[in-house]
Amino acid sequence: MQKPSIPKGTRDFSPEEMAKRNYIFNTIRDVYHLYGFQQIETPAMENLSTLMGKYGDEGDKLLFKILNSGDCFSGITDEELQERNPVRFGVKACEKGLRYDLTVPFARYVVQHRNDITFPFKRYQIQPVWRADRPQKGRYREFYQCDGDVVGSDSLINEVELIQIMDEVFHRFGIRVCIKMNNRKILSGIAEIIGEADKIVDITVAIDKLDKIGLDNVNEELRSKGLTEEAISRLQPIIMLAGTNREKLAVLKEQLAASEIAMKGVEEMTFILDRIDQLPMNSE
């Protein structure tokens, strides 16, 4: 008799594990509430029209698509079936998919309920997400995300507050962590300066893998995405930034001086760091 199993990339949680997980989630909830965030939940599945095109080509491939109820072959011709084209079949046979993250569903929620929301709206969400990724140690196809976002306000104080939330949560857990920040304007400026503004997604996805795959493999991925050798060469001082936060910003200010949007990003990051330096968590 074959022993029952669960799909690869998923896991069961024992009572002991649930107790630990609930302690973690409850601690996170307490801190979000401390800063005035409200909790929402969204459905496990969204319309594919909501999900597709939001995560780049790589992300789209990792979406779990759900076959239409009833006759999923309805509207598909014999010729299309014989093509065995998974993308085309998926478009016609699937209208829904499991959420890939919590950000896109939240954006949909805000648009759909905008007449019922009081802005600025500070929301947090703790729910599972699904990705059709290759399972490996520490990487699952089903896992939880804890998201906090503010919409209806462009104040940089919100960014400072989110960093405070992260710091407070890990302080309560007794865990020392390094909190990393980035800025979309700086990333856009980098792509602009190296002459590859239309490849900002490819550039940021590749750079994001630096700690995992190393510099040589990052450069190889950039080449595979069509970046010129000159562009890759100009990118190296930025990829290999080192030193304190202030020293890194000084390098960015020098390297990206010709980009107006990048300078705006550097200005924002400087503002955030100035405010963080004034907080009690940095005076101990």
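The residues of the chain are indexed from 1 along the displayed sequence.
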query = So how far is it from I40 CD1 to I126 CD1, rounded to the nearest 0.5 Å?
reply = 12.0 Å
ask   = Side chain of N22, backbone of M18: donor and acceptor closer than 3.5 Å?
value = yes
query = Do L48 and C94 come close enough that some side-chain heavy atom pair is under 4.5 Å?
reply = yes
request  = Could you list all the ring pair (Phe, Tyr, Trp, His ring centres under 6.0 Å) pairs where at least one residue sits in residues 136-166, not counting sequence neighbours?
outcome  = F25-Y144
inquiry  = Can you confirm whether more than 12 heavy atoms, excluding those of M45, are under 6.0 Å from its CE atom?
reply    = no
query = Thinking salt bridges, do D133 and K8 make one under a 4.0 Å N-O criterion?
reply = no
ask   = Can you list every pair that meets ring pair (Phe, Tyr, Trp, His ring centres under 6.0 Å) and has a residue in residues 221-270, with sequence neighbours left out?
value = none
key: L156-F121 co-clustered via ILVMFWY side chain contacts under 4.5 Å   = no
message = Would a single hydrophobic cluster contain both L51 and V129, if residues Ile, Leu, Val, Met, Phe, Trp and Tyr are joined by side-chain heavy-atom contacts under 4.5 Å?
response = no
ask   = Does I6 offer a backbone N or O that forms a donor-acceptor pair with the side chain of T10 under 3.5 Å?
value = no
inquiry  = Can you give me the closest heavy-atom contact between I28 and C146, atom names plus distance?
reply    = CD1-SG, 3.9 Å
task = Measure from the side-chain N and O atoms of K264 to the backbone N and O of E260, and report whether any donor-acceptor pair falls under 3.5 Å.
result = no
key: E247 CD to N245 CG distance, which is reported to the nearest 0.5 Å   = 9.5 Å
Lys/Arg-Asp/Glu bridge criterion (N-O < 4.0 Å) met for E17, R21 = no
request  = Check A206 against L222 and note the closest heavy-atom contact, atom names and distance.
outcome  = CB-CD2, 3.7 Å
ask   = Honestly, is R123 close enough over F106, meaning NZ or CZ under 6.0 Å from the six-membered ring centre and within 45° of the axis?
value = yes
query = In terms of heavy-atom contacts, does CD of Q39 have more than 12 from other residues, nucleotides or ligands at under 6.0 Å?
reply = yes
Acceptor/donor pairs from residues 107-116 side chains to any protein atom, 3.5 angstrom cut, sequence neighbours excluded:
residue : atom : partner : partner atom : Å
R108    : NE   : E46     : OE1          : 3.0
R108    : NH1  : Q112    : OE1          : 3.0
R108    : NH2  : E46     : OE2          : 2.8
R114    : NH1  : V111    : O            : 2.4

note = Taken to the nearest 0.5 Å, the spacing of E159 CD from E161 CD works out to 10.5 Å
query = Does some side-chain heavy atom of R172 sit less than 4.5 Å from a side-chain heavy atom of D30?
reply = yes
task = Under the side-chain hydrogen bond (donor to acceptor under 3.5 Å, both in side chains) rule, collect the residues that match up with E220, sequence neighbours excluded.
result = R223
Contacts of Q236 that satisfy side-chain hydrogen bond (donor to acceptor under 3.5 Å, both in side chains) - sequence neighbours left out = N219
request  = Hey, could you give me the CG/NZ distance between L67 and K96, rounded to the nearest 0.5 Å?
outcome  = 10.0 Å
key: Cationic N near anionic O, under 4.0 Å, E142 to R11   = no
ask   = Are L162 and M269 in one and the same hydrophobic cluster, where Ile, Leu, Val, Met, Phe, Trp and Tyr link if side-chain heavy atoms are under 4.5 Å apart?
value = yes
query = Do the numbers put R275 on top of the ring of F271, so that NZ or CZ is under 6.0 Å from the six-membered ring centre and no more than 45° off the axis?
reply = yes
task = Determine, for K225 against E221, whether the closest basic-nitrogen to carboxylate-oxygen distance falls under 4.0 angstrom.
result = no
key: Student check: side-chain heavy atoms of K65 and M52 closer than 4.5 Å   = yes
Cation over ring face, R141 and F64, 6.0 Å, 45° = no
remark   = Separation between CD1 (I239) and CD1 (I207), nearest 0.5 Å, reads 4.5 Å
ask   = Would a 4.5 Å heavy-atom cut-off, applied to side chains only, mark R99 and Q127 as touching?
value = yes
Donor + acceptor pair across side chains of N183, E268 (<3.5 Å) = yes
query = For K54, does the NZ atom have more than 12 heavy-atom neighbours from other residues, nucleotides or ligands under 6.0 Å away?
reply = yes
message = If you define the side chain from C-beta out and look only at heavy atoms, does anything of I238 sit under 4.5 Å from L256?
response = yes
query = Going through the checks in order, is the side-chain contact (heavy atoms from CB on, under 4.5 Å) test met by N47 and E95?
reply = CA-CA 6 Å; N47 292 323; E95 295 175 354; 5.7 Å; no
inquiry  = Measuring from atom CD of Q278 to atom CG of L273, what distance do you get when rounded to the nearest 0.5 angstrom?
reply    = 11.0 Å
query = Is the side chain of Q145 donor-acceptor paired with the backbone N or O of D101 at a distance under 3.5 Å, no angle test?
reply = no
ask   = Are Y124 and V151 connected in a single hydrophobic cluster, I mean Ile/Leu/Val/Met/Phe/Trp/Tyr linked by side-chain heavy atoms less than 4.5 Å apart?
value = no
message = Counting only heavy atoms from other residues, nucleotides and ligands, does the tally under 6.0 Å from NZ of K253 exceed 12?
response = no
Can you give each donor-acceptor pair under 3.5 Å made by side-chain atoms of residues 193-203, sequence neighbours left out, with the distance rounded to 0.1 Å?
none

Test side-chain contact (heavy atoms from CB on, under 4.5 Å) applied to F37 and D149, step by step = CA-CA 9 Å; F37 281 67; D149 287 286; 5.9 Å; no
query = Could R246 and D277 be called an ion pair, given the rule that one side-chain N must be under 4.0 Å from one carboxylate O?
reply = yes
Side-chain donor or acceptor of Y100 paired with backbone N/O of L62 under 3.5 Å = no
query = What's the verdict on side-chain contact (heavy atoms from CB on, under 4.5 Å) for T228 and I232, showing C-alpha distance, side-chain angles and the deciding distance?
reply = CA-CA 6 Å; T228 65; I232 294 172; over 6 Å; no
request  = Could you please spell out the steps behind the side-chain contact (heavy atoms from CB on, under 4.5 Å) verdict for K209 and N217?
outcome  = CA-CA 9 Å; K209 298 176 183 177; N217 288 323; over 6 Å; no
task = For the pair T27 (side chain) and Y23 (backbone), establish whether a donor and an acceptor sit closer than 3.5 Å, ignoring hydrogens and angles.
result = yes
inquiry  = Keeping K122 on the side-chain end and Y35 on the backbone end, is there a donor-acceptor pair under 3.5 Å?
reply    = yes
ask   = Hey, is the main chain of I190 close enough, under 3.5 Å, to the side chain of R234 for a donor-acceptor pair?
value = no
ask   = Would you say F170 and I165 are hydrophobically clustered, going by side-chain heavy atoms of ILVMFWY under 4.5 Å?
value = yes
